[in-house]
Amino acid sequence: MMKVRTRMNDKIVVCLGKGGQRDMAESFARRTGAPIQDKPGDYLTVRFDSRGVFLSGFGLTYQGDFVETMLHRVTNGRLQHEMLVKAAKSDKVGRKAIDATAGMGEDAFLLAAQGYEVTLYEQNPVIAALLKDAIRRARKNMELKEIANRMKVVEGNSVECMSKLLDPVDVIYLDPMFPARQKSSLINKKLQLIQKLEPPCSEETDLFDAAIKVNPDKIIVKRPLKSECLAGREPSYTLKGKAIRYDCYVL
């Protein structure tokens, strides 16, 4: 974590607002070396208040939220139409998945909605804090509670985390495209702020090699529709949409 601290402490400040959880704010500040102060910083500010965790700067504010972004995708029979759900379809009891490129967790949420216990790896401590907060608040929603309870965030480098795994895993999901591909206005606000953060540094090939060593039943890779296969490796089969595809590697 020392690398993160030296990169971030001059760019990010922490603000503790009314009703914010002081222990969470202080823990985040210790891990990142970011100072806690009363006013927003000149670059990016991570704010902890009664409504949760927010990232702000450059006139923008963003908070992760599964209720607004995901509720309509997992209810009223829509879930089974999701391409990722089709790619990961399984009836196995107690199935487990890893999202090694968690970002803000939308894809992991779909896997959890399909019944997987999902471990989300996120290296950037700011994104991890926003993600944990979004999951915490989703657990308070009656329709999303059960899904959110199947999600667990691990803050760390995916390649290192996967090398330490001991328990068997059914699916590993990789989305090396994050976060440069999304288009909606809501996502643009998120992107404008998140892209100010240092990007993950794992090479695609390292990520794929680490996933293979875990020996899951299947690796699912999200790709732009016309791009080359990840690390040049041909998948067992592919599901194609209008703009993206899912390459599935059955091991």
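Only this structure's heavy atoms are used, side chains among them; waters, hydrogens and symmetry mates stay out.
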Visitor: Do side-chain atoms of Arg78 reach the backbone of Arg73 as a donor and acceptor pair under 3.5 angstrom?
Guide: no

Visitor: Only one of Leu165, Val154, Leu174, Leu120 passes side-chain contact (heavy atoms from CB on, under 4.5 Å) with Ile98; say which it is.
Guide: Leu165

Visitor: I'd like to know if the side chain of Gln21 and the backbone of Asp23 have a donor-acceptor N/O pair within less than 3.5 Å.
Guide: no

Visitor: Please give me the minimum heavy-atom distance between Ala87 and Tyr237, naming the atom from each residue.
Guide: O-OH, 3.9 Å

Visitor: Could I get the full list of side chain to side chain donor-acceptor pair (under 3.5 Å) partners for Lys96, not counting sequence neighbours?
Guide: none

Visitor: Do you reckon Phe54 sits in the same ILVMFWY cluster as Val13, going by side-chain contacts under 4.5 Å, direct or chained?
Guide: no

Visitor: Within the side chain of Tyr116, is there an N or O that forms a donor-acceptor pair under 3.5 Å with the backbone of Ala88?
Guide: yes

Visitor: As a test of understanding, state which of Lys92, Arg95, Lys89 forms a salt bridge (charged side-chain N to carboxylate O under 4.0 Å, His left out) with Asp170.
Guide: Lys92

Visitor: Nearest heavy-atom pair of Ala148 and Ile135: which atoms, and what distance?
Guide: O-CG2, 3.7 Å

Visitor: Is the Tyr43-Phe58 ring centre distance short of 6.0 angstrom?
Guide: yes

Visitor: If you take all heavy atoms of Val14 and Phe28, which pair is closest and at what distance?
Guide: CG2-CD2, 3.5 Å

Visitor: Distance-only, no hydrogens or angles: does the Asn157 side chain make a donor-acceptor pair with backbone N or O of Val159 under 3.5 Å?
Guide: yes

Visitor: Got a sec, which residues hit salt bridge (Lys or Arg N to Asp or Glu O under 4.0 Å) with Asp65, two or more places apart in sequence or on another chain?
Guide: Arg137

Visitor: In terms of relative ring orientation, are Phe109 and Phe66 parallel, tilted or perpendicular, with 30° and 60° separating the classes?
Guide: parallel

Visitor: Looking only at non-hydrogen atoms, find the nearest pair between Pro125 and Glu155 and report the distance.
Guide: CB-OE2, 3.3 Å

Visitor: If the threshold is 4.0 Å, N to carboxylate O, is there a salt bridge linking Asp209 and Arg233?
Guide: yes

